[in-house]
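This report refers to the structure that appears directly beneath it.
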Amino acid sequence: MAFEFKLPDIGEGVSEGEIVQWLVAPGEKVEEDQAIVELMTDKATVEIASPKQGTIEKLFGDAGQSIAVGSPLASIAVSQESSSDQAHEKNEETFTKKEAKQDQKEASQTQDTSSSLNGTGDPSLVLASPATRKLAREKGIDLYEVKGTGDHGRVTLEDVKSFTGTSPSAKPALT
């Protein structure tokens with residue numbers, strides 16, 4: 001029986017994440033709670049664990065691709081459903097939210113340390129959305145060089161555009 005594992009809600013306000021790397025491949029056997037993908041959101045980089053034991057049939061998406069919450073991540077061939085699987089499904093969302101909050105806290109602490117180094121480092125530690133990171137990669141910009149004007153120093157799309165000399169498009173005033 002195939003189980004379609006969808007990207008769970010991994011934190012408040014997180015609607016999508018960017019696949020950093022797959023930790024498994026189609027045809028590979030996975031254990032329950034084994035990390036299968038590393039996902040970067042605008043809040044943290046987290047590893048998403050398999051909710052079931054089985055064999056990976058298909059992976060949805062490639063590294064660098066954004067995926068929305070509720071969209072399929074992987075298809076897992078499982079041999080049988082057990083009561084522990086059903087209980088795990090109920091607790092999966094709660095567990096993932098706790099894990100994301102812990103990773104967010106750790107990333108925030110690391111961000112504070114890295115920012116004080118005045119050098120380049122791991123761009124995943126800079127606060128920025130997946131779309132902002134993608135634009136920076138396309139333009140060959142080190143996010144550490146861009147001054148973030150968003151909440152808590154978050155680098156926005158407009159920050160990256162103005163850094164490259166391309167001013168963001170003028171938006172009409174709302175009345």
So do [Y] and [X] actually touch side chain to side chain, heavy atoms under 4.5 Å?
{"X": "Val155", "Y": "Leu127", "answer": "no"}
{"X": "Leu135", "Y": "Lys161", "answer": "yes"}
{"X": "Leu59", "Y": "Leu73", "answer": "no"}
{"X": "Lys52", "Y": "Phe5", "answer": "no"}
{"X": "Ile36", "Y": "Glu47", "answer": "no"}
{"X": "Thr55", "Y": "Ile76", "answer": "no"}

For this session: State which residues pass side-chain contact (heavy atoms from CB on, under 4.5 Å) with Ser15; sequence neighbours excluded, sorted by chain then number.
Result: none
So, does [X] use its side chain to make a donor-acceptor pair with the main chain of [Y] at under 3.5 Å?
{"X": "Gln65", "Y": "Asp62", "result": "yes"}
{"X": "Ser162", "Y": "Glu158", "result": "yes"}
{"X": "Arg133", "Y": "Ala128", "result": "yes"}

Which pairs of donor and acceptor atoms, one on a side chain in residues 17-28, lie under 3.5 Å apart (sequence neighbours left out)?
unit_1: Glu18; atom_1: OE2; unit_2: Arg137; atom_2: NH1; d: 3.3
unit_1: Glu18; atom_1: OE2; unit_2: Arg137; atom_2: NH2; d: 3.1
unit_1: Gln21; atom_1: NE2; unit_2: Glu38; atom_2: OE1; d: 3.0
unit_1: Trp22; atom_1: NE1; unit_2: Gly61; atom_2: O; d: 2.9
unit_1: Glu28; atom_1: OE1; unit_2: Ala25; atom_2: N; d: 3.1

If you compare all heavy atoms of [X] against all heavy atoms of [Y], which two are closest, and at what distance to 0.1 Å?
{"X": "Val30", "Y": "Ser50", "value": "CG2-OG, 3.9 Å"}
{"X": "Gln53", "Y": "Val78", "value": "O-CG1, 3.1 Å"}
{"X": "Phe3", "Y": "Pro51", "value": "CE2-CG, 3.5 Å"}

Output all residues satisfying side-chain hydrogen bond (donor to acceptor under 3.5 Å, both in side chains) with [X], sequence neighbours left out; order by chain, then residue number.
{"X": "Thr41", "answer": "none"}
{"X": "Glu57", "answer": "Ser75"}
{"X": "Thr149", "answer": "Asp159"}

Exercise. Same cluster for Phe60 and Val69 if Ile/Leu/Val/Met/Phe/Trp/Tyr side chains link at under 4.5 Å?
Worked result: no
For this session: Determine, stepwise, if the pair Val146 / Thr132 fulfils side chain to side chain contact (heavy atoms under 4.5 Å, CB included).
Result: CA-CA 11 Å; Val146 181; Thr132 302; over 6 Å; no
Distance in Å, [X] [atom1] paired with [Y] [atom2], rounded so as to fall on 0.5 Å steps:
{"X": "Ile48", "Y": "Leu7", "atom1": "CD1", "atom2": "CG", "value": "6.0 Å"}
{"X": "Ser129", "Y": "Arg154", "atom1": "OG", "atom2": "CZ", "value": "7.5 Å"}
{"X": "Met40", "Y": "Glu16", "atom1": "CE", "atom2": "CD", "value": "10.5 Å"}

